[in-house]
Every structure is written in structure tokens, then in C-alpha cells.
Number of protein chains: 2
Amino acid sequence: MLTEERHQFIRDRLAADGKVLAGELASRFGVSEDTVRRDLRELAKAGQLRRVYGGAVPAAPFAAATIGQRSSHAVEEKHRLAKAAVRVLTSGQALFIDGGSTNEAIARAIPRDIELTVATNSLGVASALADLPLVELIVLGGRYIRDLGTCVGGDTLAAVAQLGADLFFLGSCGLDASRGVTAFDSAEAEVKRAMAKNSAGIVIAATNDKLATAAPYRVAAADTIRHLVVERTAPAAILADFQRQGAEIRFA
Amino acid sequence: MLTEERHQFIRDRLAADGKVLAGELASRFGVSEDTVRRDLRELAKAGQLRRVYGGAVPAAPFAAATIGQRSSHAVEEKHRLAKAAVRVLTSGQALFIDGGSTNEAIARAIPRDIELTVATNSLGVASALADLPLVELIVLGGRYIRDLGTCVGGDTLAAVAQLGADLFFLGSCGLDASRGVTAFDSAEAEVKRAMAKNSAGIVIAATNDKLATAAPYRVAAADTIRHLVVERTAPAAILADFQRQGAEIRFA
DNA sequence: GCAAAACATGCAATAACATGCACAAAGAAA
DNA sequence: TTTCTTTGTGCATGTTATTGCATGTTTTGC
């Protein structure tokens with residue numbers, strides 16, 4: 001087990017549970033508690049957590065999570081979702097993919113032997129697709145927003161308006177059966193709306209923590225979702241609401 | 001087993017598993033661990049992974065966007081050129097940066113504490129700038145050309161036309177005192193011309209093998225070059241030709 | 001205040017690492 | 001062809017990083 005893996009696991013657990021215990025980590029990693037304490041000390045020195053007696057807690061619980069930090073969160077789940085999500089793809093399709101760590105995971109999971117045309121405003125998605133030989137990649141430029149990892153603004157909207165797609169992989173922020181898909185940022189929501197408008201169907205892959213939540217800006221109604229990819233542990237009651245509105249549920 | 005095959009395998013495994021172990025790779029390839037470590041060292045130098053004790057993990061989130069093969073060539077020289085090139089920057093400037101491995105090296109060499117507005121059509125440059133907090137980044141979208149690592153086409157030209165810059169970091173292809181700056185690709189040349197037109201000055205960083213060569217498509221006349229950054233071993237006669245036409249020579 | 005748990009520090013063993021060198025294979029030049 | 005150069009590889013050498021243990025200190029709960 002690499003030191004880096006332990007550090008990554010600790011970061012993930014901190015983001016997920018809000019705390020880690022030194023003894024618990026030691027037995028899970030199969031190393032001595034001294035080693036875990038050394039790990040915690042290093043991460044604390046790098047400002048990635050705050051040490052407390054018995055373990056550690058997140059450094060800045062209320063700091064806005066940038067895309068880099070978010071993508072380290074729940075890596076396993078997102079990878080599983082991504083593998084399930086790419087199964088809706090068929091060769092020759094045209095896609096919109098917007099930002100978000102889940103969408104980046106999906107982009108990385110796209111197999112090399114499928115032919116696609118993809119338009120994206122996310123640098124991470126574009127980077128992941130940059131070396132897929134059969135993917136025609138269209139970068140939707142504009143003002144780059146560091147916290148989102150995507151381009152937004154008038155230029156982006158204009159570029160989207162010129163395109164059409166079969167599917168739109170919508171990086172959801174909030175997902176609620178009555179309020180539909182919602183976003184935290186106004187400019188981001190504008191781009192998502194434009195992509196949704198010019199797409200024949202919407203695909204959303206969502207971890208459980210996104211379900212039954214809502215953000216300020218409305219993006220799309222729930223009945224516009226064609227495929228909803230969720231974890232196996234997703235609450236059945238919530239899924240039924242989406243299913244009634246026409247969404248096809250796919251489990252990771 | 002070819003070196004390149006090992007490198008490709010390592011890249012694939014990193015993308016799939018998120019880590020590689022030196023010992024494991026050695027036994028799989030049937031080579032010594034020293035050879036594997038050499039491989040890892042090279043790939044790390046080219047920015048394609050990050051070395052950790054025991055193996056390696058994926059580099060930055062956007063590592064895939066950088067031009068893999070070309071940028072592994074003459075890394076030292078380009079890094080030196082890049083460090084010299086960024087010395088022309090002053091806080092508050094607006095820049096165009098187009099594609100090419102030298103320009104990617106320059107983007108990576110930009111210090112974190114300088115405030116800039118940068119518009120680029122290169123995914124690699126954009127990725128390098130994505131986490132510089134004081135850089136306002138404008139991505140020039142369009143059709144992505146895999147071989148160039150940049151976006152080209154009408155959309156790109158339209159986006160460039162709306163902007164203006166103090167300096168244009170031109171990734172040179174051919175550089176000749178009489179024929180000026182030239183490019184191998186028509187669409188690429190169009191974008192370069194548009195950027196040159198909307199910039200107050202042109203900066204070119206060129207390795208020796210670019211000097212006194214020319215490509216089919218004309219981009220800019222030699223007398224439009226304001227700063228020319230070259231290696232210390234560059235032929236003085238060639239440099240004198242550019243100097244006569246107004247270029248300020250800077251040695252790496 | 002006291003005992004137990006958690007912690008920091010120094011130390012030694014081990015594994016991973018970098019470096020220099022020799023050798024072999026592949027290619028270029030004579 | 002022969003010779004030379006280049007490149008890749010493995011091995012020997014010394015160096016560095018990581019780890020667990022022993023020791024002494026600090027914190028916590030009672």
C-alpha cells in the first residue's frame with residue numbers, strides 16, 4: 001500500500017464522514033498507529049486536515065470545495081456510476097457533457113473504440129477526451145471559472161446555440177422529483193439550460209447525496225430526464241418519483 | 001519489449017487503476033526494477049505522472065491534455081526557454097498563447113503571484129493555467145485537433161476577433177528572417193494570424209531546430225516579432241537577421 | 001490526582017531509490 | 001562489410017525514505 005493511497009483514503013473519509021480515527025485507520029491499512037499518526041501529521045502540515053486527539057477532522061469545513069477537491073471525494077462510487085453511465089452510449093452519437101467530477105469520471109470511462117462527437121465546456125472532460133482517437137471533440141470556450149472547472153458566459157452560450165446533440169450528460173447539483181435539476185451558480189445554470197434545450201435527451205449520473213436536494217437555479221424539469229444512473233443503495237421511493245416522470249433508472 | 005510499449009502500458013494502468021507499483025511492473029515486463037524506475041522518471045519528467053515512494057500515481061487532473069510525445073522531446077531546453085520567456089511578463093498584461101509544447105512549458109513556468117488575463121486555444125496551456133489563482137483564463141473553443149493540441153476553426157477565429165492582447169506567445173513552427181513565421185497547417189495558421197493581428201507584440205521562444213526553417217503557411221512577418229527567446233547556442237548570424245528587423249533577443 | 005490512551009521523538013532495519021559503469025544490441029557512417 | 005556511435009539495459013555502489021519499536025511526554029476521562 002502506497003503512502004499516497006493512505007493519504008487519499010484519509011482525505012476521502014474526511015470528506016465523507018467528517019472525521020477519522022487513528023486506530024481505525026491503522027487496522028484498516030494494516031500498519032502501525034505510528035505510521036498513521038505520521039500521515040496525519042503530514043496532511044495537517046499541508047493544511048488538508050486538522051489534528052485532534054484520537055484522529056483528525058476536516059481543515060476548513062465550510063470552505064467552498066473546488067473541483068479538484070471534490071473529485072477526490074467518493075472516487076469509488078463515481079467510477080462505478082461512470083462505468084454504468086457510458087453503457088447508454090452507442091457509436092455515432094453526438095453529446096453535450098458539462099462539468100462536474102462525475103462527468104469527468106464518465107469522460108474517462110468512455111471506451112476507446114466508440115465513435116462520438118462531444119461538445120464540452122469542462123476542461124477536465126476535454127482533457128480526458130483529448131486522446132481518444134475516435135472522438136471528435138468540440139471545446140466550448142468562454143470565461144473559465146476555476147471553482148467549477150468549466151467555461152461559462154456569452155461566448156459559451158453562443159457556441160452551444162450552434163450545436164445539437166442526442167444526449168446531454170448533465171452534471172447535476174441538486175436533483176429533486178418536483179423541483180427538477182437545479183444548480184448553485186447562475187452562469188452555470190444558463191449554460192446547462194442551453195445544452196438541455198439543444199439535446200434530444202438528458203442523462204444524469206448522481207451519487208446518493210445529490211438525490212432529493214435542490215439548489216437555487218432551475219435547469220431542467222424532472223420529466224426531461226431520460227436516463228438516471230444511480231447507486232444500488234439509492235432510496236427506492238425517490239427513484240420511483242423520477243420513474244413516474246419518464247426517467248429510465250440504471251443502477252451502477 | 002519496447003520502451004514505448006512499457007510507457008503506454010504504464011499510462012493505461014494509471015488511468016485504469018490510479019496507481020502503479022514499481023516492483024509489480026518490473027515482474028510483469030520481465031525487466032529489472034531499475035529499468036522501470038527509469039521509465040517512471042522519464043514519464044514524470046514529461047509531466048505524465050507523479051512519482052511516489054513505491055511507484056507512481058496520476059499526475060495533475062488535466063495531465064492527459066498535454067501533448068504527450070512531442071513534449072517529451074528536448075524537455076530541458078524547453079524548460080530553460082520557458083523560464084527566460086516568462087521574464088517578459090509584467091502584472092496586469094493580457095496575453096494570447098497558442099499551442100505547441102514550448103508554449104505549454106511557458107504556461108507551466110508562469111509564476112503564481114503574477115496577475116494576467118490569458119486567452120488560449122490550447123488545452124495543454126489552459127490546463128496549466130487552470131490552477132493559477134491570479135490568472136483570468138479565457139478558453140478559445142472550437143474544433144479540437146488532436147495532433148496540434150489546440151482548437152481551430154470559425155468559432156475559434158470569432159472568439160479571437162473579440163479580444164485584444166498586449167503580447168502573443170506564438171508557438172512557432174518555422175522561423176526564418178526573410179519568410180517570417182510559418183505554420184504547417186492551414187487552419188492553425190489562420191488562428192495564429194488572427195491572434196497576431198489583435199496583439200500589440202509577438203513573443204516567440206524557439207529551440208535551435210526551428211531557426212532558419214520554413215513551413216508552407218505564412219503567419220507573420222519577421223519584423224513583427226518583439227521578443228525572440230533562444231538558446232545560448234543559437235547561431236549568431238541568424239539572430240542578427242532578426243535583430244535587424246526589430247526583435248529583441250533574449251537568451252535562455 | 002491517577003491510570004490509560006494517545007502522542008512525539010529517537011533509533012535501527014528495511015525497502016526504494018539515484019548514480020556510475022560495463023555490456024549488448026541496433027543503427028549510421030565509412 | 002567493418003567501424004563507430006547511440007541507446008537501452010542490468011549490476012554494483014552509496015544514498016534516502018519509510019516503517020515499527022522503544023522511550024518518554026501529553027492529554028483525556030474518571
Side-chain angles (χ1 to χ4, degrees), chain A residues 1-14 16-59 61 72, chain B residues 1-14 17-60 63 67-80 101 207-209 213 231 233:
Chain A
M1 158 148 276
L2 265 50
T3 306
E4 186 58 33
E5 290 181 89
R6 292 199 308 271
H7 288 192
Q8 189 59 48
F9 184 90
I10 292 169
R11 280 188 286 260
D12 287 350
R13 272 293 285 270
L14 271 181
D17 301 351
K19 65 163 184 176
V20 288
L21 303 178
E24 188 182 307
L25 290 172
S27 62
R28 173 177 287 268
F29 293 148
V31 298
S32 72
E33 294 198 22
D34 299 74
T35 301
V36 171
R37 275 192 275 271
R38 263 185 280 254
D39 289 338
L40 296 179
R41 225 178 301 167
E42 281 182 44
L43 290 170
K45 199 173 176 182
Q48 306 194 21
L49 54 77
R50 192 162 58 84
R51 293 219 55 190
V52 295
Y53 201 84
V57 294
S72 72
Chain B
M1 158 146 281
L2 266 49
T3 307
E4 187 53 36
E5 289 181 271
R6 292 200 307 272
H7 287 195
Q8 190 56 50
F9 185 90
I10 292 170
R11 280 188 284 260
D12 291 346
R13 271 292 287 270
L14 270 182
D17 300 351
K19 67 156 183 174
V20 290
L21 304 178
E24 190 182 304
L25 291 172
S27 62
R28 172 177 289 269
F29 293 148
V31 298
S32 73
E33 294 199 21
D34 299 73
T35 301
V36 171
R37 273 191 275 270
R38 264 184 278 253
D39 289 338
L40 296 179
R41 225 179 302 168
E42 282 181 42
L43 290 169
K45 202 170 173 183
Q48 305 194 15
L49 53 78
R50 189 162 60 86
R51 292 217 57 189
V52 296
Y53 202 84
V57 294
I67 306 176
Q69 309 206 335
R70 258 174 310 177
S71 61
S72 66
H73 178 252
V75 190
E76 292 293 339
E77 289 79 355
K78 283 169 186 173
H79 188 60
R80 271 200 303 274
S101 53
T207 48
N208 285 347
D209 58 323
T213 65
E231 304 176 60
T233 56

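Naming convention: chains lettered A, B, ... in sequence-line order (proteins, then strands); numbering from 1 in each chain.
At a threshold of 4.5 Å between non-hydrogen side-chain atoms, the residues A:Arg6 and A:Thr35 count as touching. Between B:Asp39 and B:Leu25 there is no side-chain heavy-atom pair separated by less than 4.5 Å. Side-chain atoms of B:Arg51 and B:Arg37, non-hydrogen and from C-beta on, do get closer than 4.5 Å to each other. The closest side-chain heavy-atom distance from A:Leu43 to A:Leu14 is not below 4.5 Å. Taking 4.5 Å as the limit, every side-chain heavy atom of A:Glu42 sits out of range of all side-chain heavy atoms of A:Lys45.
The side chain of A:Asp34 approaches D:dC21 more closely than any other nucleotide in the set D:dT9, C:dC17, D:dC21.
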Response to the item:
Readout for nucleotides 21-26 of chain C: B = base within 4.0 Å of protein heavy atom, S = sugar-phosphate only, - = neither; 5' to 3' it is ------

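Contact check, B:Arg51 against D:dT16: no side-chain N or O comes under 4.0 Å of OP1 or OP2. One finds no side-chain N or O of B:Arg41 lying less than 4.0 angstrom from the OP1 or OP2 phosphate oxygen of C:dC17. For A:Thr3, a side-chain nitrogen or oxygen approaches OP1 or OP2 of D:dT19 to under 4.0 Å. Contact check, B:Ser32 against D:dT9: no side-chain N or O comes under 4.0 Å of OP1 or OP2. The side chain of B:Arg37 contributes no N or O atom lying less than 4.0 Å from OP1 or OP2 of D:dT9.
If you measure from atom CZ of B:Arg6 to atom P of D:dG8, you get 9 Å, rounded to the nearest angstrom. B:Arg50 has its CZ atom 14 Å from the P atom of C:dC17, to the nearest Å. For the pair B:Leu2 CG and D:dG8 C1', the computed distance is 11 Å after rounding to whole Å. Residue B:Glu5 contributes atom CD, which lies 14 Å from atom P of D:dG8 at whole-angstrom precision. One interatomic measurement links the two molecules: CG of A:Leu25 to P of D:dT19, which rounds to 14 Å at whole-angstrom precision. For A:Lys45 and C:dA8, the NZ to P distance is 13 Å, given to the nearest whole Å. Going from atom CD of B:Glu42 over to atom C1' of D:dG8 covers 10 Å, rounded to whole Å. As rounded to whole Å, 17 Å separates atom C1' of C:dT9 from atom CD of A:Glu33.
One finds the CZ atom of B:Arg28 at 5.0 Å from the CZ atom of B:Arg13 (value rounded to the nearest 0.5 Å).
A donor-acceptor contact under 3.5 Å is formed by the side chain of A:Tyr53 with the base of D:dT27.
Between A:Glu4 and B:Lys19 there is no salt bridge, since no side-chain nitrogen of the basic residue lies less than 4.0 Å from a carboxylate oxygen of the acidic one.
Across all strands shown, B:Val36 has no heavy atoms under 4.0 Å from either base or sugar-phosphate atoms.
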